[in-house]
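The next block holds one structure in the form of structure tokens; read it before the comments.
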Amino acid sequence: APVDGLSEPPSQATDLDGRRGEGSYHRGGRQGEWRFFDQQGILREVGSFSAGNRIGLWRQFAPNGQLVQVAEFDDGRQEGVWRRFNEAGALLEEGQHSASAPEGRWVRRYSDGSVKERGLYVSGLRDGLWEFFDDLGRPTLRTGTYRAGVRID
């Protein structure tokens, strides 16, 4: 039974895409840890809510159980670390978010771990030197200097 008369017992909710969520509500908003499962009942995402907004570390999983994404949230906005992995566990992408936009140094990789592209984001736009590499590690023609997301050289 709710202690404050406003919390609701743990419940389930189904999203439009058929995912089933399990967690608690408080004053009508999702609160505390929630777990989301696909239509086959496989755990696909875990994270916490406060007043209905995502907070803290969120983890997504592939159908095989492998961690495929880690993201941090603050009051519903992506803030902080973001990492993406393939279903074999290789790190494919890493960077930071600020106000839900990429910010700071980012690196994207091929599944063998070699660098695909790297550079700096400022307010969600490429800025400064960005390096792009083909799957053999050779720089591509996209390598160059960017300002506000536009290549200037």
Side-chain angles (χ1 to χ4, degrees), residues 1-133 135 142 146-150:
V3 174
D4 61 9
L6 299 173
S7 294
E8 301 168 27
S11 64
Q12 294 185 6
T14 303
D15 291 344
L16 292 176
D17 63 1
R19 290 189 329 160
R20 187 183 83 243
E22 295 179 353
S24 296
Y25 287 92
H26 180 72
R27 298 183 183 202
R30 290 177 176 166
Q31 185 71 27
E33 184 178 283
W34 272 73
R35 294 175 175 271
F36 293 91
F37 302 86
D38 65 17
Q39 294 176 346
Q40 289 73 40
I42 297 170
L43 179 66
R44 298 304 298 272
E45 190 171 19
V46 175
S48 294
F49 287 93
S50 177
N53 292 317
R54 289 176 182 232
I55 61 166
L57 192 67
W58 277 74
R59 296 171 292 153
Q60 289 183 3
F61 303 93
N64 68 3
Q66 176 63 48
L67 178 69
V68 291
Q69 185 172 300
V70 174
E72 288 183 307
F73 289 84
D74 181 23
D75 199 25
R77 293 178 316 275
Q78 275 192 273
E79 293 285 341
V81 69
W82 190 81
R83 290 187 183 103
R84 187 172 60 91
F85 306 86
N86 67 17
E87 289 190 22
L91 179 62
L92 298 177
E93 190 169 3
E94 61 183 327
Q96 299 279 322
H97 278 91
S98 178
S100 294
E103 187 72 32
R105 187 93 174 132
W106 277 69
V107 177
R108 291 180 180 92
R109 301 176 188 283
Y110 291 101
S111 59
D112 69 0
S114 61
V115 175
K116 183 177 188 176
E117 62 184 77
R118 63 181 166 214
L120 184 71
Y121 279 105
V122 175
S123 300
L125 300 172
R126 289 184 173 135
D127 202 78
L129 177 63
W130 270 81
E131 298 174 290
F132 297 85
F133 303 92
D135 57 354
R142 291 182 62 201
Y146 290 75
R147 290 286 178 257
V150 177

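Quick caveat, the model's predicted, so the values are computed rather than measured. All heavy atoms count here, side chains included; hydrogens, waters and symmetry mates do not.
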Requested in this report: With sequence neighbours excluded, tell me which residues meet salt bridge (charged side-chain N to carboxylate O under 4.0 Å, His left out) with R20.
Outcome: E22

Requested in this report: Supply the atom-to-atom distance E79 CD to H97 NE2, rounded to the nearest 0.5 angstrom.
Outcome: 9.5 Å

**Report entry** Gap separating the CZ atom of F61 from the CZ atom of F37, nearest 0.5 angstrom
**Finding:** 10.5 Å

Query raised in the report: Of all heavy-atom pairs between E103 and S98, which one has the smallest distance, and what is that distance?
Result: CB-CB, 3.9 Å

Report summary line: What one should report as the nearest heavy-atom pair of P63 and R44 is CD-NH2, 3.6 Å

Query raised in the report: Among all residues two or more places apart in sequence or in another chain, which pass the side chain to side chain contact (heavy atoms under 4.5 Å, CB included) test with Q60?
Result: E45, V68, Q69

What donor-acceptor contacts under 3.5 angstrom involve side-chain atoms of residues 80-91, with partners at least two apart or in another chain?
{"residue": "R84", "atom": "NE", "partner": "E93", "partner atom": "OE1", "Å": "3.1"}
{"residue": "R84", "atom": "NH2", "partner": "E93", "partner atom": "OE1", "Å": "3.3"}
{"residue": "N86", "atom": "OD1", "partner": "A88", "partner atom": "N", "Å": "2.9"}
{"residue": "N86", "atom": "OD1", "partner": "G89", "partner atom": "N", "Å": "3.0"}
{"residue": "N86", "atom": "OD1", "partner": "A90", "partner atom": "N", "Å": "3.0"}

Report summary line: Shortest non-hydrogen pair, Q78 vs F73, comes out as CG-CE2, 3.3 Å

Please table the atom pairs, donor to acceptor, closer than 3.5 Å between any side-chain atom in residues 121-130 and protein atoms at least two apart or in another chain.
{"residue": "Y121", "atom": "OH", "partner": "R108", "partner atom": "NH1", "Å": "3.4"}
{"residue": "Y121", "atom": "OH", "partner": "R108", "partner atom": "NH2", "Å": "3.1"}
{"residue": "R126", "atom": "NH2", "partner": "E117", "partner atom": "OE2", "Å": "3.0"}
{"residue": "D127", "atom": "OD1", "partner": "A148", "partner atom": "N", "Å": "3.3"}
{"residue": "W130", "atom": "NE1", "partner": "L120", "partner atom": "O", "Å": "2.9"}

Requested in this report: Taking side chain to side chain donor-acceptor pair (under 3.5 Å) as the test, write out the residues that go with D75, two or more places apart.
Outcome: N53

Query - Residue list, salt bridge (charged side-chain N to carboxylate O under 4.0 Å, His left out) with R142, at least two apart or on another chain - result: none

Query raised in the report: Quick one: ring-ring contact (aromatic ring centres under 6.0 Å, His included) partners of F133, sequence neighbours excluded?
Result: none

Report summary line: Contacts of Q39 meeting side chain to side chain donor-acceptor pair (under 3.5 Å) (sequence neighbours excluded), chain-then-number -> none

Query - Side chain proximity check, W106 to R118, heavy atoms < 4.5 angstrom - result: no

Requested in this report: Identify, with sequence neighbours excluded, every residue that meets side chain to side chain donor-acceptor pair (under 3.5 Å) alongside Y146.
Outcome: none

Query raised in the report: Can you list the residues that meet the salt bridge (charged side-chain N to carboxylate O under 4.0 Å, His left out) rule with E72, with sequence neighbours excluded?
Result: none

**Report entry** Student check: side-chain heavy atoms of Q31 and S50 closer than 4.5 Å
**Finding:** yes

Query - side chain to side chain donor-acceptor pair (under 3.5 Å) partners for R105, two or more places apart - result: none

